[in-house]
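Comments concern the structure below.
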There are 2 protein chains.
Amino acid sequence: MATDPLPVSGDSLNQRLAEKGLRFTSQRQHVYEVLLGQRDHPSAEEVFMRAKQSKPEISMATVYNSLDALVKCGVVRQVNVDRGATLYCSNMNEHAHFCCDDCGKVFDVNLKNSPRVPEVDVPGEFEVRTIDIALHGRCTGTCEDCGRREAHA
Amino acid sequence: MATDPLPVSGDSLNQRLAEKGLRFTSQRQHVYEVLLGQRDHPSAEEVFMRAKQSKPEISMATVYNSLDALVKCGVVRQVNVDRGATLYCSNMNEHAHFCCDDCGKVFDVNLKNSPRVPEVDVPGEFEVRTIDIALHGRCTGTCEDCGRREAHA
DNA sequence: TTTCTTATTTAGAATTATTCCAAGTATTGA
DNA sequence: TCAATACTTGGAATAATTCTAAATAAGAAA
Ligand SMILES: [Mn+2]
Ligand SMILES: [Mn+2]
Ligand SMILES: [Zn+2]
Ligand SMILES: [Zn+2]
């Protein structure tokens with residue numbers, strides 16, 4: 001599916017961070033660029049490995065910090081689909097996630113137009129901010145990884 | 001919200017397990033009863049503590065095994081809302097989860113009638129089996145725990 | 001029943017995922 | 001330019017889950 005046509009970048013990221021009282025740093029920018037560079041659903045560990053390629057001195061702690069900062073300022077979302085590591089998604093369009101229980105890969109799926117968001121009966125004492133929709137099942141197509149539960153993407 | 005009016009029990013659990021080639025054991029039954037006895041959203045650790053009260057010899061590994069077995073045979077669902085431990089829900093009615101980002105508690109919320117399930121555009125190569133809907137926000141009501149992120153329920 | 005086969009349980013070790021820490025460094029704003 | 005504070009870092013610590021190998025229980029067959 002189409003990913004965000006307007007990913008935040010440069011000064012814009014700076015602003016987004018500032019709005020939340022967070023500072024703009026080269027590490028945060030770099031982590032964000034890593035996410036934009038390959039728009040799949042990597043774990044913190046995977047982001048760390050990609051980030052090190054062009055910034056070998058970055059630390060795991062900073063990757064976690066940066067991911068948290070990016071999530072807080074709304075340019076990245078967390079994806080929790082199973083018992084494994086949290087994944088990160090840089091597509092901020094409204095979409096759901098399909099997770100293959102067989103190969104573990106996560107894919108974006110579009111929500112159909114109209115009432116995009118499921119109609120929920122939320123008691124008054126709850127203030128809803130975000131809604132995460134996760135579909136589970138199997139990818140039946142040409143997934144060469146299906147069958148082994150290791151390979152994530 | 002109302003929890004499942006027909007929780008599986010006794011022979012019925014036996015059958016459900018058998019259908020999946022799993023054996024009925026006193027541990028699995030006990031773990032299931034623990035979940036039915038307090039229908040909130042405990043973590044494996046929490047289930048372990050509750051289970052030990054009336055069956056002190058049960059082990060953590062068995063709790064994980066039992067929870068997995070119960071999930072596999074469809075009488076319990078897993079709930080993954082954040083970076084923390086996986087939670088377990090014994091309410092098998094169709095419902096969504098509200099997770100308070102402040103106090104961490106998870107509550108069941110009803111999906112409105114009509115198209116209960118969100119309309120998603122799933123590419124042909126995916127076979128959807130289950131859909132999980134998680135709402136995030138804050139409980140604004142009389143939550144005495146709100147403000148500290150420890151206490152889960 | 002008795003026996004055989006295989007699944008399950010158990011305690012504890014091992015792994016994985018994430019958070020915490022203390023010291024040095026960068027950023028902000030006065 | 002300086003002080004205050006946020007951020008980064010490597011490594012230790014913790015939390016969550018999985019793995020292991022030996023003992024036990026369950027189901028099927030005889
Ligand atoms: Mn996504
Ligand atoms: Mn529930
Ligand atoms: Zn697959
Ligand atoms: Zn709350």
Side-chain angles (χ1 to χ4, degrees), chain A residues 11 13-32 34 41-49 51-52 54-73 78-88 104 148-152, chain B residues 10-11 13-32 34 41-49 51-52 55-73 78-88 104 148-152:
Chain A
D11 286 343
L13 175 59
N14 191 334
Q15 284 171 28
R16 295 287 206 113
L17 287 164
E19 281 167 22
K20 298 288 177 184
L22 298 165
R23 292 180 182 172
F24 177 87
T25 67
S26 68
Q27 290 86 348
R28 287 171 180 177
Q29 179 176 38
H30 183 61
V31 166
Y32 185 49
V34 160
H41 301 88
S43 63
E45 180 69 35
E46 179 64 34
V47 171
F48 180 48
M49 294 197 296
K52 272 197 297 192
S54 43
K55 208 176 207 299
E57 69 281 13
I58 199 170
S59 76
M60 190 71 220
T62 296
V63 168
Y64 272 105
N65 172 335
S66 298
L67 289 169
D68 283 348
L70 295 172
V71 168
K72 255 182 206 138
C73 77
Q78 280 188 323
V79 181
N80 292 106
V81 281
D82 61 17
R83 249 174 354 205
T86 291
L87 307 181
Y88 295 85
R148 25 188 172 120
R149 189 77 183 69
E150 329 121 58
H152 275 242
Chain B
D11 285 345
L13 176 59
N14 191 336
Q15 285 171 28
R16 295 287 207 114
L17 287 164
E19 281 167 23
K20 298 288 176 181
L22 297 165
R23 292 182 182 168
F24 176 88
T25 67
S26 68
Q27 289 88 345
R28 288 172 179 175
Q29 179 176 39
H30 183 62
V31 166
Y32 185 50
V34 160
H41 300 88
S43 63
E45 181 67 36
E46 179 64 35
V47 171
F48 179 48
M49 293 197 298
K52 272 196 298 193
K55 208 177 206 298
E57 70 282 12
I58 199 169
S59 76
M60 189 71 223
T62 297
V63 168
Y64 271 105
N65 172 334
S66 298
L67 289 169
D68 283 348
L70 295 172
V71 168
K72 257 183 206 136
C73 76
Q78 279 189 322
V79 181
N80 291 107
V81 281
D82 61 16
R83 236 148 40 183
T86 291
L87 307 180
Y88 295 85
R148 27 190 170 119
R149 189 80 184 65
E150 329 121 57
H152 274 244

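All values below were derived from every heavy atom in this structure, side-chain atoms included, with hydrogens, water molecules and symmetry-related copies excluded.
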side-chain contact (heavy atoms from CB on, under 4.5 Å) assessment of H41(B) paired with Y88(B): CA-CA 5 Å; H41(B) 300 88; Y88(B) 295 85; over 6 Å; no
Sub-4.5 Å side-chain heavy-atom contact between V34(B) and K55(B): no
Nearest-angstrom distance from the residue atom CD of E45(B) to P of dA15(D): 10 Å
Atom pair CG/CZ of L70(B) and R16(B) - distance to nearest 0.5 Å: 10.5 Å
Rounded interatomic separation in angstrom, taking CZ from F48(B) and P from dA16(D): 14 Å
Reported CZ-to-CD distance for the pair R83(A) and Q78(B), which is rounded to 0.5 angstrom: 5.0 Å
Interatomic distance, Q29(B) atom CD to L13(B) atom CG [nearest 0.5 angstrom]: 7.0 Å
I58(B) versus K52(B), closest heavy-atom pair with distance: CG2-CG, 4.0 Å
CD on E19(B) to CG on N14(B), rounded to 0.5 Å: 10.5 Å
From K72(A) atom NZ to L17(A) atom CG, the distance as rounded to the nearest 0.5 Å: 11.0 Å
Heavy-atom contact window of chain B on DNA chain C, given 5' to 3' at under 4.0 Å: dT6(C) to dT19(C)
Euclidean distance, atom CD of residue E46(B) to atom C1' of dA16(D) [Å, nearest integer]: 15 Å
For nucleotides 4-11 of chain D, give me every protein contact, N/O to N/O, under 3.5 Å, one pair per line with atom names.
{"from": "dT5(D)", "atom 1": "O2", "to": "R23(A)", "atom 2": "NH1", "distance (Å)": "3.3"}
{"from": "dT5(D)", "atom 1": "O2", "to": "R23(A)", "atom 2": "NH2", "distance (Å)": "3.3"}
{"from": "dA6(D)", "atom 1": "O4'", "to": "R23(A)", "atom 2": "NE", "distance (Å)": "3.4"}
{"from": "dA6(D)", "atom 1": "O4'", "to": "R23(A)", "atom 2": "NH1", "distance (Å)": "2.9"}
{"from": "dA6(D)", "atom 1": "O4'", "to": "R23(A)", "atom 2": "NH2", "distance (Å)": "3.1"}
{"from": "dC7(D)", "atom 1": "OP1", "to": "R23(A)", "atom 2": "N", "distance (Å)": "3.0"}
{"from": "dC7(D)", "atom 1": "OP1", "to": "R28(A)", "atom 2": "NH1", "distance (Å)": "2.8"}
{"from": "dC7(D)", "atom 1": "OP1", "to": "R28(A)", "atom 2": "NH2", "distance (Å)": "3.3"}
{"from": "dT8(D)", "atom 1": "OP1", "to": "T25(A)", "atom 2": "OG1", "distance (Å)": "2.7"}
{"from": "dT8(D)", "atom 1": "OP1", "to": "Q27(A)", "atom 2": "OE1", "distance (Å)": "3.4"}
{"from": "dT8(D)", "atom 1": "OP2", "to": "N65(A)", "atom 2": "ND2", "distance (Å)": "3.0"}
{"from": "dT8(D)", "atom 1": "O3'", "to": "Q27(A)", "atom 2": "NE2", "distance (Å)": "3.0"}
{"from": "dT9(D)", "atom 1": "OP1", "to": "E57(A)", "atom 2": "O", "distance (Å)": "3.4"}
{"from": "dT9(D)", "atom 1": "OP2", "to": "S59(A)", "atom 2": "N", "distance (Å)": "3.4"}
{"from": "dT9(D)", "atom 1": "OP2", "to": "T62(A)", "atom 2": "OG1", "distance (Å)": "2.5"}

Sugar-phosphate, base or nothing in reach of S43(B), heavy atoms under 4.0 Å: nothing
